[in-house]
Amino acid sequence: MVISEDTRAAIEREIGKYPQRRGALLPALHLVQQEHGFVSPDSMRELAGIFELLPVEVMEVVHFYNMFHDRPRGRHQVHVCTNLPCSLRGARGLMRQLESHLGIHAGETTADGRISLGHEECLGACAYAPMLRIGETYHENLDAEQAKRLLDGLE
Amino acid sequence: MASIRVDDHELEVEEGRTLLQALDDAGLLMNGVDVPHYCWHPKLAIDGSCRLCQVEIEGFPKLQIACNTPVKDGMVVRTQTEAVRRAREGVMELLLINHPLDCPICDQAGECKLQDYAFEYGVGQSRTREPRRALKKSVDLGPTIVFDQERCILCRRCVRFCREVPKTGELGVFNRGDQSVIETFPGSELDNPYSMNVADICPVGALTTKDFRFKIRVWFLEDVPGVCTGCAAGCNVWLGTANNKVYRYVPRRNDAVNETWICDHGRMTYQQIGSADRIAHPALRGEDGILRAASLDDALAEAAARLRRVLDATGPGALGVVASPHASNEDLAVLRSLVDALAVEGAALAVRQGDSDEILVQAEKAANATGARALGFGDPAALLERLRGGALEALLVLGHDLLDPALLGEGDALDGVGSVILLDSHHSPLERAAHVVLPTRHAAEKFGTLTNHAGRVQRVRPAVEPAWAAWSEGELLARLGAALGLPDFDGKFDPRAVSRALGERAPAFDGVDWDSVGDEGLPLKQGGA
Ligand code: SF4
Ligand code: SF4
Ligand code: FES
């Protein structure tokens, strides 16, 4: 068993809030990702058992949303919103600068395991574009130099 | 019931059916009313994802997808308007944006719905200059199927098939939007007893069977309607033939038998037709105990002489007859005439048994066991007892199903029988005991009817000619009867005439013959089987 007893109990509590068990799959995926940092194929298999789904169905959900990861990630999750409003305000250029600054492509993790960089769909901060998210914290109205300094400051 | 109008057709449709289902029920879909479609399949749940099936419905401001719009009384539908044509063009253009267009090296070319509809509804030129998405061209999905990610149009037919029919659910759509790909769960394979059906239902060349890919261009194949002989289900198939060879079986839709599926085991039984272990000529066992090739006349004369000796010396009680469930009803009717003419009692049927499932596969591993029983060939227990007790001096045996472990096993019990006449299509250990061997035809090489487990009589016809000497059991037995000098045996066998006369022999066959059953078959008359 890779999903802990505590997480399982939390998942059961979530299930109680929905008319059908499978309704709680998204909250459950968040819980598992909180526990492990990613959702491994083994956890997907266990979730499939809990939700009476096929493992591939769980995997389809994990892959559909880009906030879920099926493999280990860096210590810091950096997400640049590249949706339309942010892109109009230079988010794609920002992303390219960060990619070359870190020497990785979006979707990858630095070799020292420090930072994972990724695209993000709308984070609801269009008025403060371009922006990025580090973990749960938003950083807004960025230019490339500010953004690089932010990343350099990460442990 | 709802009355609807589709173009010029007035239809009475059961409430709750969707437009495409209604057209399919009426036999009009792509056969009078052209509504091109990719994701919809008559035997799978509705998906509504490809958007190709849009039609105009009076009173609706926008086009609707025919596959998922339920009929309503009074509905007026148009499938060939300008708006519909432009919608189809639009969908085709989107599907083709990322398509590799590698038809020249694609196995599906010639039977590809993307080709067909692009030809029919495509705009003919591309408006995009961006590179097409480059993905994996050859993903090994499991023991039977190879997947080309670039060709996939994401109709999800294969995904639904695995979840709904074998219920194994190996496939899923991973990622999203233009990144979407079909994959299996990490560490698992597409591996189930019906897996190869996904290649049939894939509208494009994304899924191909390892067995058939790169073998031959499909436009060289002539498709002959036939029946799978892998078990008693009698699934309807198309035999893809060229160069006097069968290259593949694909399912032939018959809602009363196999819907649109066949099992993987059955699909591969086409290999038995031209296989290296076919018996290729008549043979006689010499004084020295060695089996040697012989002419048919010599083999028949020897068989007749051996049978005659036993009949004259001991009588019909010393002769055992075993019918083959692989022979056609017509072949077995001749065997029945022979058995009756010789006054042999207890002619039996031997059927090899195997696994069965809840979907199609039947335990009896032969296509015509039910027909053999309808013609009076029964349980082999008594015959086996006489055999083991040494009461049989001669045995006329068709096929080698006697070798089933529940019957004879390896066949040593035949060693004591003075004369064994074997009619068979493939080599088996039974030949060790045979004195006369007569080669028979496969169901794909003859005219005849086969009765499936549910009593449905279905016909077969020659799709290929054996490249060696082989005759149908009916013909061999008719000639054997003549060689024995039996009245009513003139040595001639006309399977279609025998078929018409089957009803005289077994009333269940009344009116159910080769011509009347058509290509979809007919059930035996009630109470007859
Ligand atoms: S592989 Fe074929 S059947 Fe499966 S989704 Fe793609 S196009 Fe459809
Ligand atoms: S279920 Fe039986 S008849 Fe049908 S395809 Fe399989 S082996 Fe052939
Ligand atoms: S067939 Fe109707 S949407 Fe695909």
Side-chain angles (χ1 to χ4, degrees), chain A residues 1-3 20-22 25-26 28-29 32-33 36 38-73 79-84 87 92 95 105-108 116-123, chain B residues 39 44-49 130-131 133-136 139-142 145 147 149 152-195 197-198 201-202 206-207:
Chain A
M1 253 182 22
V2 293
I3 304 177
Q20 285 181 5
R21 284 183 82 78
R22 62 194 296 171
L25 180 58
L26 280 183
L29 286 169
V32 170
Q33 189 156 290
H36 299 136
F38 69 109
V39 189
S40 68
D42 283 338
S43 348
M44 292 186 222
R45 243 187 234 106
E46 288 181 17
L47 285 169
I50 295 174
F51 285 94
E52 290 157 14
L53 294 168
L54 295 162
V56 282
E57 291 177 300
V58 177
M59 181 125 178
E60 284 177 330
V61 176
V62 169
H63 276 235
F64 186 87
Y65 295 101
N66 43 8
M67 66 267 209
F68 295 127
H69 308 291
D70 67 351
R71 59 202 61 181
R73 305 276 296 167
H79 295 276
V80 181
C81 172
T82 50
N83 224 321
L84 183 64
S87 289
R92 289 180 188 220
M95 179 63 114
H105 289 294
E108 293 174 353
S116 293
L117 183 66
H119 287 279
E120 184 75 272
E121 297 306 327
C122 187
L123 288 169
Chain B
C39 66
L44 297 175
I46 294 168
D47 207 54
S49 56
E130 290 75 8
R133 68 176 192 165
L135 297 169
K136 292 185 206 139
V139 182
D140 191 336
L141 282 186
I145 297 286
F147 176 47
Q149 294 184 328
C152 173
I153 59 165
L154 294 164
C155 68
R156 293 182 76 255
R157 278 182 171 193
C158 55
V159 173
R160 281 173 284 150
F161 173 82
C162 292
R163 293 181 194 181
E164 294 167 23
V165 180
K167 301 204 162 60
T168 40
E170 295 97 328
L171 299 177
V173 187
F174 299 158
N175 299 320
R176 180 161 44 99
D178 69 347
Q179 305 293 305
S180 305
V181 283
I182 303 289
E183 264 181 74
T184 54
F185 195 80
S188 65
E189 297 192 314
L190 170 59
D191 186 7
N192 68 63
Y194 292 84
S195 66
N197 289 286
V198 300
I201 58 175
C202 180
L207 297 169

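The figures that follow rest on heavy atoms only: side chains count, while hydrogens, waters and symmetry mates do not. Chain naming here is simple, since letters A, B, ... match the order of the sequence lines and numbering starts at 1 in each.
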Worksheet item: Is chain A contacted by the side chain of B/Thr168, its backbone, both, or neither, given a heavy-atom distance below 4.5 Å?
Response: backbone
Worksheet item: Relative to chain B, which of A/Val58, A/Val61, A/Asn66, A/Val56 shows the most heavy atom pairs under 4.5 Å?
Response: A/Val56
Fill in: Candidate pair A/Glu57 and B/Arg163, rule side-chain contact (heavy atoms from CB on, under 4.5 Å), full reasoning
CA-CA 10 Å; A/Glu57 291 177 300; B/Arg163 293 181 194 181; 3.5 Å; yes
Worksheet item: Quick one: CD on A/Glu60 to CD on B/Glu183, what's the gap to the nearest 0.5 Å?
Response: 11.0 Å
Worksheet item: Which heavy-atom pair separates B/Pro186 from A/Met59 by the least distance, and what is that distance?
Response: CD-SD, 3.5 Å
Response to the item:
So, the part of A/Asp70 with a heavy atom under 4.5 Å from chain B: the answer is neither
Discussion item. More than 12 heavy atoms of other residues, nucleotides or ligands under 6.0 Å from CZ of A/Arg73: yes or no?
Written reply: yes
Item to complete: Check each atom of B/Glu170 against the heavy atoms of chain A and say whether the ones under 4.5 Å are side chain, backbone, both or neither.
Response: backbone
Worksheet entry | Among B/Leu171, B/Thr184, B/Val159, residue most engaged with chain A (heavy-atom pairs, under 4.5 Å) | B/Leu171
Fill in: Heavy-atom side-chain proximity of B/Phe174 to A/Val62 below 4.5 angstrom
no
